[in-house]
Amino acid sequence: MLDKAPLPHGMDLAHENFAVSGPDLILGGVSVRAVAEEFGTPAFIYDGGVMRRHYRALAETLSGFAAVHYSVKANPLREIIALFLAEGAGVEIASVGEYRAARAAGARPEQILFAGPGKRQRELEEVIGEGIGEIHLESFEEAERVDRIGEALGKTIKVGLRINPVPSAQAGAMRMGGKPTAFGFCEEDLAETIARIGGHAHVDLVGIHVYGGSQILDAQGLIDQWRHAIGIAAETARLLGRPLETIDLGGGLGIPYYAGEKSFDLATLKAGLPDLAALLAADPLLADARVVVEPGRFIAGPGGIYVAEINAVKNARGTRFAVTDGGMHHHLAASGNLGQIIKRNYPILAPARMNDAAVVATTVVGPLCTPLDTLGRDVMLPELGAGELVAVLQSGAYGPTASPGNFLSHPPAVEVLVEDGRAHLLER
Ligand SMILES: *Cc1c(COP(=O)(O)O)cnc(C)c1O
């Protein structure tokens with residue numbers, strides 16, 4: 001069923017996160033129109049101030065309970081990583097490429113946690129050689145590789161076990177745990193896993209990591225997942241017979257994309273934390289552990305928009321199409337092809353026509369020769385023509401690097417950071 005209603009949440013988000021002046025949507029003190037004129041389209045525009053604001057709101061909610069590590073895969077641009085580091089975050093990475101990006105952004109080795117189900121020998125050699133805070137093991141082969149590299153270098157490497165929780169522990173939209181997956185070790189096999197990994201002389205098992213899934217909007221559901229993860233931590237420490245240093249509760253905090261979705265409620269999260277803190281404090285093997293949360297989407301997503309220029313408008317059998325210079329090759333998630341089952345529209349608006357009523361149902365498509373390249377179906381917009389702009393909000397996370405950029409050989413989108421009235425191009 002198509003959603004023919006206007007997207008009030010798009011306008012709400014535009015006002016909540018950014019500013020509007022006359023006809024113009026303003027990010028970081030600069031109009032989207034001016035950025036598009038100066039740097040061209042298609043463009044991802046990131047408002048550094050909005051990213052900081054979301055980071056601070058979360059860090060403040062978690063203060064005294066958990067540290068925040070930015071999950072680099074959400075947006076691996078060096079300056080975005082550097083922005084979160086400057087705010088006090090650590091980082092979570094899942095490849096040696098992300099390790100290099102984090103180091104280039106200024107991360108110290110001990111601030112970096114390394115997850116991922118298929119870490120290769122060369123990746124492990126590089127990060128162990130250069131230094132790494134903790135490696136989150138996801139297979140026995142990895143444990144053996146880390147042990148051998150540690151032996152060769154005369155180092156003992158701190159590791160955590162990534163645990164895939166039992167299905168009953170799950171809540172949230174895009175689930176990573178519960179089902180059979182390649183991520184981590186099954187909770188059911190905890191004792192056997194610890195016994196096998198504990199036998200490695202150069203592997204120091206100090207923590208656990210439980211990442212339950214992405215795009216969770218239900219704060220109470222997340223609290224329940226975290227409580228379950230603390231139970232896994234307690235059992236791990238008991239089996240090891242010594243205190244844990246790290247309890248990584250994963251990321252997964254969601255942001256609203258679709259009409260009717262509500263923002264993740266940080267107040268509900270905050271209200272649930274004293275109980276969890278009491279659980280930790282009551283267990284001498286967990287009381288001194290460092291708790292970590294590793295969000296990507298929640299802190300990077302709301303600050304970014306994707307801007308494309310309309311190239312042609314046509315009516316085909318009653319549907320009005322705006323064909324733009326941007327599409328799924330830059331923004332797969334907005335096209336609905338990154339994990340959604342039913343295509344629903346991201347918030348889309350006309351960033352240089354903000355005071356014109358959204359009166360025309362317009363299907364916004366990209367230039368690729370496939371019907372998959374649809375940014376929004378029947379989006380209510382002002383009557384737009386060629387040369388005008390459309391913007392997809394909530395696009396700061398899982399944009400270009402989560403999209404098939406080579407498909408049809410169009411140029412990449414430019415990426416621009418705006419803050420305090422200044423805009424500059426970002427280098428990948
Ligand atoms: C992707 C990922 C994250 C970040 O997920 P978000 O939903 O963006 O918060 C955190 N940890 C791990 C291990 C991941 O794979």
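Since we're looking at a predicted model, the values are computed, not measured. Heads up: numbering here begins at 1 and tracks the sequence. Indexing begins at 1, ligand by ligand and atom by atom, following the structure's order. Every heavy atom of this structure was used, including side-chain atoms; hydrogens, water molecules and symmetry mates were not.
Under the 3.5 Å distance criterion, with hydrogens and angles disregarded, a donor-acceptor pair is assigned to the side chains of Glu92 and Ser71. Side-chain N/O atoms of Asn337 and Ser335 include a donor and acceptor closer than 3.5 Å. When only modelled atom types and interatomic distance are considered, Tyr70 and Gln111 share no side-chain donor-acceptor pair under 3.5 Å. Looking at Tyr346 and Gln394, their side chains never bring a donor and an acceptor atom within 3.5 Å of each other.
Checked by distance only, ligand 1 and Gly252 come closer than 3.5 Å through their nitrogen or oxygen atoms.
Among residues at least two apart or in separate chains, side-chain hydrogen bond (donor to acceptor under 3.5 Å, both in side chains) pairs with a member in residues 195-205 are Asp147-His200. For residues 26-35, the set of pairs meeting the side-chain hydrogen bond (donor to acceptor under 3.5 Å, both in side chains) definition, not counting sequence neighbours, comprises Asp24-Arg33.
The residue from Glu294, His209, Gln215 that puts a heavy atom closest to atom 11 (N) of ligand 1 is Glu294. With Glu92, Arg162, Lys73, Glu138 as candidates, the residue nearest to atom 15 (O) of ligand 1 on a non-hydrogen basis is Lys73.
The ligand atoms of ligand 1 that sit less than 4.0 angstrom from a heavy atom of Ser214 are 6 (P), 7 (O). Atoms of ligand 1 found under 4.0 Å from any heavy atom of Tyr398, numbered from 1 in the order shown, are 1 (C), 4 (C), 5 (O), 6 (P), 8 (O). Interface of Ser71 with ligand 1, defined as ligand atoms under 4.0 Å from a residue heavy atom, comprises 2 (C), 3 (C), 4 (C), 10 (C). Near Arg297, meaning under 4.0 Å from any of its heavy atoms, are these atoms of ligand 1: 6 (P), 8 (O), 9 (O).
Not a single heavy atom of Phe298 sits less than 4.0 Å from an atom of ligand 1. Assignment of Pro295 to the shell around ligand 1 is supported, since a heavy atom sits closer than 4.0 Å. Proximity of Phe183 to ligand 1 is not established, as no heavy-atom distance is less than 4.0 Å. Under the 4.0 angstrom criterion for non-hydrogen atoms, Ala94 is not in contact with ligand 1.
Checked against a 6.0 Å centroid threshold, the rings of His424 and Phe39 do not count as neighbours.
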Checklist entry - side chain to side chain donor-acceptor pair (under 3.5 Å) between His209 and Glu134: does it pass, once the steps are laid out? => result CA-CA 11 Å; His209 176 196; Glu134 222 170 80; over 6 Å; no
